[in-house]
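Notes to accompany the following structure.
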Amino acid sequence: MITYYENYTPVGDVTVLGLCLVVVILMAVAYNIKSKNYRILQLMTVCLMIAASCSIGFHMMLNSRENLPVFWIYLFRFLQRLALFMNLFLFVIYVMEPLQLDKKIRKRFLVIDVVMLILLVGHDLLGLLFGYGFRIDENNAVHEGFKYFFPIGYMCYIGIITWLLLVYRGRLVRQIMNGIIGTFGLSIIVMLSQGLHGQVSFTCVAFIFPIITLMYLIHSNPYNIEIGTVNLSAFEDMVDYVKKRHENRLFISLLLPDFEGTGKHYPHELQMLIREFTGHYFRGAVLFQLSNGRMLLAVDMKRNPDFKESIESILKRFKDEYETYQYDFKVVILTTVESISEHHDYIRLLQYIEKSMDNNSVHKVDEKDIANFSNVNYVLSQLEDIKRCGNLDDPRIEVYTQPVYNIFTKKYDTAEALMRMRLPKTGMVFPDVFIPLAEEYNYIHTLSLIILHKTCLRIRDMIDSKFNVKRISVNFSVSELRDRGFCSDIKRVIEDVGIPYDKIAIEITESQNDQEFLIVKDRIEELRNDGIKFYLDDFGTGYSNFERIMELPFDIIKFDRSLVIACNSDEKSERMVTHLAKMFSAMDYAVLYEGVETDEDEEKCIRMSAKYLQGYKYSKPIPIDELIYWFEKTA
């Protein structure tokens, strides 16, 4: 006969029920994506609530066993044990998910998990049926059987979980692993402490700690108290969840340009207004803050069949408030798109739409917008993949060139390398499409290095074939020169191919930024010391600061096509361009005119101190392999 059941007090189980109810409430009101592990956590909580409830019922009935059928006492005890073992069983499954175990290892541990559950539950069940476990005899005396079986089973499960966490610790965030292991350590202390004091009151308490740990470390997604938003990570989860379940969502995006890209806090009155929009117009809507100046309201269309009327109401209210606060805005309205499965693609879509919008306007996305964006996004995905691969021989980037006519030698011995993109789905993509995207998303340097590499390879082949190659120029954006590794990147590519530095020239446009000017100057001087020539591209367009141009050690000034056209329109323009070209020539800058298309263009440019001419009069852009038809061989 044992007596430690008589020491039971329900305070531990009542506390567990209360904490489980708190967890359930938080799960209901907090924004959490219903992922597989989130569902498992919910089941673990339910199992623990069942265990705590059955524990209270079991002990109450045990104290009144003289007046009750023993069947009910056995049933409640069995359900308590089953629920606790199920909790541990689910925890093992839960832990395997973030560890990203391969299929074979996952299957092995799943088998161990199932066998453990069958053994532990089977022992309890068979012990009840055959009387070697817990039983109440004809004198109402309580017999436990092998009372250490449950603690041993508990420690076996803890051992499996700890083994998984320690062996595969490199696949889990250290803070999360330490939190789980530390929590289980506290749980073991509770179990040992109550065992030493002949208690069973706090068994379920030991199981609530890991649930709270998982809820806090992994599934917590606190709201921004000021404006009631959840973060970008939550938006990512929501997009994934909606995509898997083929659900529709209405998205209302709000961009506040005054706050985008800054750390500015929203004024109090704007915070109040945003909080009101979150829950006033739609049922169950969630507001995400995707950046400091961008918020997105996600609406379940099934729960809001009148969403069209609500949209009109919210837009009317927002425009009324604009008259008061005068914060510029852009609002984009769309629904989930079948072809979009990633959260960053939705953000790119919003950015794509907003580029063509005026401030303080609203745009409702239609099928044409989606089709246009899909084309752009495909190009962007290819650019992303090109950068990720880092292959300087990537076949998707092709080199075209335009031969440059040397007036003094009457020959073609230089050329400009031009970038083209050829993709599997769309074929040729021209620079005006992909270069702005590459610059915006910081892929441009990878493309420039590919062009440089392929140009160097062709120069080497032409030199080996005895062609007279003076140099070929490659375009780089000023933004690329900001990188500290720019010069080493250029040198490495040229040295790896094995051609002289002076066979390459670099074309850049003038920078308007004081800091960029100093950086550009340093980069030019470093590479010119190795023999690389530099061109100032597009002179005559936009902003030109002669003092800065004179300070930069350029070799060639490229006069833009617009100056050639201007010279054809009036004599005053021609005189001005002529004086500029003579001034540059007198200061040892060579002058190259772009966009020469006719004999008249050629004659005027020659009169205006031209040394090099480039344009359709001589050749359209051609694949770099065709340069051999323009350059001459050395004797």
Side-chain angles (χ1 to χ4, degrees), residues 12 16 19-20 23 27 32-33 35-48 51 81-124 146 148-196 202-221 233 236-237:
V16 168
L19 290 174
C20 286
V23 171
M27 287 180 174
N32 287 290
I33 291 298
S35 63
K36 176 184 176 182
N37 266 15
Y38 184 75
R39 298 292 191 192
I40 293 174
L41 183 62
Q42 287 180 317
L43 287 174
M44 289 167 61
T45 306
V46 170
C47 286
L48 191 53
R81 295 292 186 96
L82 174 62
L84 291 176
F85 287 137
M86 276 298 299
N87 182 283
L88 293 169
F89 171 82
L90 291 169
F91 203 103
V92 173
I93 295 176
Y94 184 102
V95 168
M96 286 194 289
E97 188 71 23
L99 293 178
Q100 298 179 349
L101 305 179
D102 61 49
K103 191 173 181 180
K104 186 177 180 181
I105 297 174
R106 184 188 293 263
K107 186 177 180 180
R108 183 187 307 160
F109 276 100
L110 185 59
V111 169
I112 294 172
D113 197 19
V114 171
V115 170
M116 281 283 295
L117 181 64
I118 292 173
L119 288 175
L120 294 172
V121 174
H123 173 271
D124 260 15
F146 183 47
Y148 298 110
F149 189 81
F150 179 82
I152 291 172
Y154 176 79
M155 292 307 299
C156 287
Y157 263 118
I158 298 300
I160 293 173
I161 294 167
T162 305
W163 173 265
L164 279 168
L165 292 174
L166 292 179
V167 171
Y168 301 101
R169 59 186 177 276
R171 305 183 184 185
L172 194 65
V173 177
R174 180 178 297 178
Q175 290 87 338
I176 294 177
M177 185 189 73
N178 292 343
I180 295 173
I181 291 177
T183 302
F184 271 119
L186 181 60
S187 300
I188 292 170
I189 291 172
V190 170
M191 294 287 282
L192 290 174
S193 178
Q194 75 165 2
L196 291 173
F202 299 98
T203 300
C204 290
V205 172
F207 284 72
I208 189 64
F209 298 147
I211 288 178
I212 294 174
T213 299
L214 295 178
M215 185 71 183
Y216 182 81
L217 288 179
I218 301 177
H219 297 283
S220 61
N221 197 346
S233 176
E236 178 180 357
D237 289 339

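Since the model is a prediction, treat every value here as computed from it, not as a measurement.
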> Considering residues at least two apart in sequence or located in another chain, which fulfil the ring pair (Phe, Tyr, Trp, His ring centres under 6.0 Å) criterion with F149?
Replying inline: H123

>> Testing the basics here: between M116 and C156, what is the closest heavy-atom pair and its distance to 0.1 Å?
In response: CE-CB, 3.2 Å

>> Show me the pairs that pass side-chain hydrogen bond (donor to acceptor under 3.5 Å, both in side chains) and involve residues 152-166, at least two apart or across chains.
In response: D113-Y157

>> If you define the side chain from C-beta out and look only at heavy atoms, does anything of F91 sit under 4.5 Å from I211?
In response: no

> For Q194, what residues pass the side chain to side chain contact (heavy atoms under 4.5 Å, CB included) criterion, not counting sequence neighbours?
Replying inline: M191, Q199, F202, T203

I'd like a table of donor-acceptor pairs (distance under 3.5 Å, sequence neighbours excluded) in which one partner is a side-chain atom from residues 178-186, with atom names and distances.
unit_1 : atom_1 : unit_2 : atom_2 : d
N178   : ND2    : R174   : O      : 3.4
T183   : OG1    : G179   : O      : 2.6
T183   : OG1    : T213   : OG1    : 2.6

> Which residues pass the salt bridge (Lys or Arg N to Asp or Glu O under 4.0 Å) test with R106, sequence neighbours left out?
Replying inline: E97

> V115: what forms a side chain to side chain contact (heavy atoms under 4.5 Å, CB included) with it, not counting sequence neighbours?
Replying inline: V111, L119

> So Y168 and F109, would you call those rings parallel, tilted or perpendicular, with 30° and 60° as cut-offs?
Replying inline: perpendicular

> Less than 4.5 Å apart, any side-chain heavy atom of L48 and any of M44?
Replying inline: no

> Who pairs with I212 by side chain to side chain contact (heavy atoms under 4.5 Å, CB included), at least two apart in sequence or on another chain?
Replying inline: L19, I208

> Who passes side chain to side chain contact (heavy atoms under 4.5 Å, CB included) against P98, sequence neighbours left out?
Replying inline: N37, L172

> How close do V205 and G12 get, heavy atom to heavy atom, and via which atoms?
Replying inline: CG2-O, 3.6 Å

> Can you pull the salt bridge (charged side-chain N to carboxylate O under 4.0 Å, His left out) pairs that have at least one residue in residues 179-195, sequence neighbours excluded?
Replying inline: none

> If you round to the nearest 0.5 Å, how far is CD1 of I112 from NZ of K107?
Replying inline: 13.0 Å

>> Can you tell me how far apart OH (Y94) and CG (L41) are? Round to the nearest 0.5 Å.
In response: 6.0 Å

> What pair of heavy atoms forms the shortest contact from G153 to L120, and how long is it?
Replying inline: CA-CD2, 3.6 Å

